[in-house]
Each structure stands twice: as structure tokens, then as C-alpha cells.
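Here's the structure we're looking at; comments come further down.
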Amino acid sequence: MHIRGDHAELVVGGRLDVRSAADARTVLHTAVDSGEGDLVLDLAELDSWDATGLGVIMGVHRRAGRCGRRLVLRDVPPQMQRLLVATRLHRILAIEGGNFTEGGTLSKP
């Protein structure tokens with residue numbers, strides 16, 4: 001897993017899973033704490049995430065809200081979009097660049 005960027009926009013790549021969760025959490029919490037406005041996570045380079053990785057994202061979302069910020073997920077890969085829909089987290093998280101329709105389901109390409 002790799003994360004690069006600053007306190008306003010970060011690119012997350014590789015696998016966000018149980019092995020990388022602690023490091024990712026530290027980097028993402030630091031970014032939330034040291035910035036203002038939206039924190040954009042570009043996920044175009046993310047290969048996969050497991051339940052632990054998704055938990056990290058939700059924890060960062062909650063922390064951002066407590067800091068008066070908003071976490072925005074950008075370019076979520078299709079298989080991860082399906083997981084967000086299945087768990088209904090697409091209704092909670094701010095997501096841009098996805099294939100979501102107004103009704104909260106994935107549109108067919």
C-alpha cells in the first residue's frame with residue numbers, strides 16, 4: 001500500500017487491508033488533523049480493500065466530520081463501488097467520479 005499527497009488530496013494505492021491498516025490510519029488521521037476543507041482520497045490506484053480497510057475509511061470519515069471537514073472518495077474502482085452499495089455506505093460517504101445513479105445504485109456502462 002502507498003499513500004502520497006498532502007492534507008488536501010491523497011492518492012491511495014495497492015491493498016488497504018489488515019496488514020496496512022495501522023499505517024494508513026496514521027497517515028490519514030494526520031492529513032485530517034493538519035488541513036482544512038475537503039480531504040479527497042483518490043482511490044484510482046487502489047487494488048483492493050478488506051473489511052479492515054473499509055473500517056479505516058469509515059474512521060477517517062468520522063474523524064473528518066469531528067474536525068469540520070468532509071472526506072471525499074474519488075475514482076473508486078468498480079469492485080469497491082459494488083461493496084459500498086452492498087453495505088449501503090455509498091449513502092453516507094461523499095463519492096465523486098463513480099457510476100452511481102441518483103437512487104444510490106450503480107449505473108450500467
Original post:
At their closest point, which heavy atom of Thr26 faces which heavy atom of Thr30, and how far apart are they?
Top reply: O-OG1, 2.9 Å
Subject >> Arg88 CZ to Leu93 CG distance, which is reported to the nearest 0.5 Å >> reply: 14.5 Å
**OP:** Identify the heavy atoms of Ala64 and Leu71 that sit nearest to each other, and give their distance.
**Re:** CB-N, 4.1 Å
Subject >> Transitive ILVMFWY side-chain link Val12 to Val72, under 4.5 Å >> reply: no
Subject >> side-chain hydrogen bond (donor to acceptor under 3.5 Å, both in side chains) partners for Arg19, two or more places apart >> reply: Asp17
Subject >> Exercise: identify the closest heavy-atom pair between Pro77 and Ala44 >> reply: CG-O, 4.5 Å
**OP:** Report yes if the side chains of Trp49 and Val56 come closer than 4.5 Å at any heavy-atom pair, otherwise no.
**Re:** no
Original post:
Cluster question for you: counting only ILVMFWY and a side-chain heavy-atom cut-off of under 4.5 Å, with indirect links fine, are Val40 and Leu84 together?
Top reply: no
Original post:
Under the side-chain contact (heavy atoms from CB on, under 4.5 Å) criterion, do Met80 and Leu43 qualify, and how do the steps go?
Top reply: CA-CA 10 Å; Met80 287 167 252; Leu43 303 180; 5.8 Å; no
Original post:
Got a second to check how far Leu89's CG is from Gln81's CD, nearest 0.5 Å?
Top reply: 13.5 Å
Original post:
Can you list the residues that meet the side-chain contact (heavy atoms from CB on, under 4.5 Å) rule with Thr52, with sequence neighbours excluded?
Top reply: Val18, Ala21, Asp50
**OP:** Evaluate side-chain contact (heavy atoms from CB on, under 4.5 Å) for Leu73 paired with Glu96, printing each intermediate quantity in order.
**Re:** CA-CA 6 Å; Leu73 304 182; Glu96 64 180 43; over 6 Å; no
**OP:** Report the C-alpha distance between Asp23 and Val27 in whole Å, list the side-chain angles of each, state the deciding distance to 0.1 Å, and finish with yes or no for side-chain contact (heavy atoms from CB on, under 4.5 Å).
**Re:** CA-CA 6 Å; Asp23 291 337; Val27 171; 5.6 Å; no
Subject >> Worked verdict on Arg74 versus Glu9 for side-chain contact (heavy atoms from CB on, under 4.5 Å) >> reply: CA-CA 10 Å; Arg74 178 182 290 157; Glu9 184 170 339; 2.9 Å; yes
**OP:** Given salt bridge (Lys or Arg N to Asp or Glu O under 4.0 Å), test Arg70 with Asp38 step by step and report yes or no.
**Re:** CA-CA 5 Å; Arg70 184 174 73 134; Asp38 289 352; 2.8 Å; yes
Subject >> Value rounded to 0.5 Å, distance of CG in Asp33 from CZ in Arg66 >> reply: 9.5 Å
**OP:** Look up atom NE2 in His29 and atom SG in Cys67, then write down how far apart they are to the nearest 0.5 Å.
**Re:** 9.5 Å
Original post:
Taking NZ, NE, NH1 and NH2 as the nitrogens, is one of them in Glu45 or Arg4 under 4.0 Å from a carboxylate oxygen of the other?
Top reply: yes
**OP:** Compare every heavy atom of Ala8 with every heavy atom of Asp6, then report the nearest pair and how far apart it is.
**Re:** OD1-N, 2.8 Å
Original post:
Once you round to the nearest 0.5 Å, how far does CG of Asp75 lie from CG of Leu41?
Top reply: 11.5 Å
Original post:
Taking all non-hydrogen atoms of both residues, which atom of Gln79 and which atom of Asp47 are closest, and how far apart?
Top reply: NE2-O, 3.2 Å
Original post:
Is the closest side-chain heavy-atom distance between Leu28 and Val32 below 4.5 Å?
Top reply: no
Original post:
Among all residues two or more places apart in sequence or in another chain, which pass the salt bridge (Lys or Arg N to Asp or Glu O under 4.0 Å) test with Asp42?
Top reply: none
**OP:** State plainly whether one hydrophobic cluster holds both Met58 and Leu16, where clusters connect Ile, Leu, Val, Met, Phe, Trp and Tyr through side-chain heavy atoms under 4.5 angstrom apart.
**Re:** yes
**OP:** Any chance you could measure Arg25, atom CZ, to Arg63, atom CZ, to the nearest 0.5 Å?
**Re:** 10.5 Å
Original post:
What closest approach, in Å, do His7 and Gly35 show between heavy atoms, and which atom pair accounts for it?
Top reply: CD2-CA, 3.5 Å
